[in-house]
Protein chains: 2
Amino acid sequence: MDASEGETGRKRKTSWKKDPAAVRQDILTIATREFAAHGLSGANINEIARQTSTSKRMIYYYFGDKEGLYCSVLEGVYATLRAREDDLDVAGLEPVAALRRLIEATFEAHVTAPHFIRLVMIENIHNAEYLRKSESVPKLNRSIIDKLEDVCARGKAAGLFREGTDALELHWLTSSFSFYNVSNRATFSTSFGTALYSKTRQSQLLERLVDMVLATVVIGYEPKTWNDPV
Amino acid sequence: MDASEGETGRKRKTSWKKDPAAVRQDILTIATREFAAHGLSGANINEIARQTSTSKRMIYYYFGDKEGLYCSVLEGVYATLRAREDDLDVAGLEPVAALRRLIEATFEAHVTAPHFIRLVMIENIHNAEYLRKSESVPKLNRSIIDKLEDVCARGKAAGLFREGTDALELHWLTSSFSFYNVSNRATFSTSFGTALYSKTRQSQLLERLVDMVLATVVIGYEPKTWNDPV
DNA sequence: CCATTTATGTACCTTGCGGTTAATTTGTCA
DNA sequence: TGACAAATTAACCGCAAGGTACATAAATGG
């Protein structure tokens, strides 16, 4: 059947380079796309293998089984997001500007990380059982909270922010509309139309969200949007 | 076990009542739970059949195939939610109280409809392709928007609400945190702990959300929460 | 330059599960 | 009352898809 040297019909790749890192990465890239698209049970190992430049065998060699691959994918997207958060520096901004910047960055980060969003949705369907197993992920997300806490502390110290302002709650709030804005786009559009998702409307929306948070956090802040008829 | 007449080993339920409606409902109830728990590809028809008091054959008899069953489930949970929204009457309340009531009701509705939340998440993973096929669902959700529009109109007419206040945007906003609060509980807890999900903290959270929306919509509204240290 | 480990390719096995076939009972109405 | 449709049961089927066995080429290093 598969002759090794004499080229009798069935070829056997008789010469190849060892490149574990590249092979691993290749698999991860494809798998991320497929899991994000179809979920854990929906994704197909054969299909993933087909799209890689390697074979199904290697998936099992490096990741053990489907769940192992899924976990690695999950850690990958979380790590990517974390890296982005780390890049963000608001230490030099005064509290109000810093808070505004953090909210805007979170909103943008979600819009531009659809794979992350989908994998988090999928993970929530699984009650985060794979995320909980991860060593790296749970502690990965401190960074954004630290930044928010710093800003809150500075804001309160300067007498600008209300005393009850809570970093975790702010993060929850910011995440909620940033996440929902992407995650539920399909069903929301189906029920209520696509009006809110146009480019101009999206930046308006962000403006208003920032405005809303500031109105609650910053003492004496006067909302700037929602004043004029749409 | 329950032999019919001649107890020749293999039982065959030889006596049964025709009850199409009940059988259909039985299947739907179990299927809703299973699809909500495991998703479209994750749910197992054999397992669903096992839990019903009927057989797998009947699933195919009434719903055609797995997707057909899934679509019916989807329509079911949307219809249930709609029915609840219809029960809500805020026409008698003055605008600010009415808006507060609508936000609270939406928040509560999401907390107490976990199947709905999960199925919407799942549907978004599928880019709402099944929801779009539905005849009933897309137009089902007008009710809540109508109510919000009425409240907004009254609020503006009374000079209480800012002119830019938009019903659709308000609904998007209210939905976003109400939905996220339930949908992402698993991953959020894993990353940041369960602090926000205690009973007392949840009602605080709702208070603050209402406060925040009112602060942006109602002219001259003074935020009542976030004033005292946590 | 041989032995051993690491990395890779091909072919295959097993079974879980979506879907079907065929028969049988229940209800209806001419 | 008997033919016909509707509802239901039990048994079966095919194959897709997760996972493995086995052989072998590339690196490593003593």
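These numbers come from a predicted model, not from an experiment. Chain naming here is simple, since letters A, B, ... match the order of the sequence lines and numbering starts at 1 in each.
Taking only side-chain nitrogens and oxygens, A:Tyr62 comes nearer than 4.0 Å to OP1 or OP2 of C:dT8. Residue A:Asn46 places no side-chain N or O under 4.0 Å from the OP1 or OP2 atom of D:dA16. Checking the phosphate oxygens (OP1, OP2) of D:dT8, no side-chain nitrogen or oxygen of B:Ser55 falls inside 4.0 Å.
The distance between atom CD of A:Glu67 and atom C1' of D:dG19, rounded to the nearest whole Å, is 13 Å. The CG-C1' distance, from A:Asp65 to D:dA17, rounds to 14 Å in whole Å. Counting to the nearest Å, the P atom of D:dT9 and the CG atom of B:Asp26 are 11 Å from each other. The separation between A:Ile27 atom CD1 and C:dG9 atom C1' is 13 Å, rounded to whole Å. Summarising the geometry, the separation between OH on B:Tyr60 and P on D:dA6 is reported as 23 Å, rounded to the nearest angstrom. Straight-line distance from the NZ atom of A:Lys56 to the C1' atom of D:dA16: 10 Å, rounded to whole Å. In this entry the distance linking CZ of A:Phe63 with P of C:dT8 reads 12 Å, nearest Å. The CD-C1' distance, from A:Glu34 to D:dA17, rounds to 14 Å in whole Å.
A donor and an acceptor atom never sit less than 3.5 Å apart when one is taken from the side chain of B:Lys66 and the other from the base of C:dG19.
For B:Val23, counting side-chain heavy atoms from C-beta on, the closest listed nucleotide (C:dT8, D:dT8, D:dA17) is D:dT8. Candidate nucleotides C:dA7, D:dA10, D:dA6 were compared by shortest atom distance to the side chain of B:Arg57, and D:dA10 ranks first. For A:Pro20, the listed nucleotide lying nearest its side chain is C:dA7; candidates were D:dG19, C:dA7, C:dG19. Distance from the side chain of B:Tyr61 is smallest to D:dA6 among D:dA6, D:dG19, D:dG18. Listed nucleotides C:dG9, C:dG18, D:dA17 differ in distance to A:Thr54; the shortest reach to its side chain belongs to C:dG9.
A:Ser178 places no side-chain N or O within donor-acceptor distance of the main-chain N or O of A:Ser175, the cut-off being under 3.5 Å.
B:Glu104 approaches B:Val210 most closely through the heavy-atom pair CG-CG2, 4.1 Å.
Here side chain to side chain donor-acceptor pair (under 3.5 Å) pairs that include residues 76-93 of chain B, with residues two or more places apart or in two chains, are B:Arg82-B:Asp86, B:Arg84-B:Thr112, B:Asp86-B:Ser143.
Residue-to-nucleotide proximity on DNA chain D shows that, of B:Met58 and A:Gly42, the 5′-proximal contact is made by B:Met58.
Around the CZ atom of A:Arg132, the shell of radius 6.0 Å holds more than 12 heavy atoms that belong to other residues, nucleotides or ligands.
Two residues are said to be in side-chain contact when any heavy atoms from C-beta on lie closer than 4.5 Å; B:His171 and A:Phe188 meet this criterion.
B:Ala49 comes within 4.0 angstrom of nothing in the nucleic acid, heavy atoms only.
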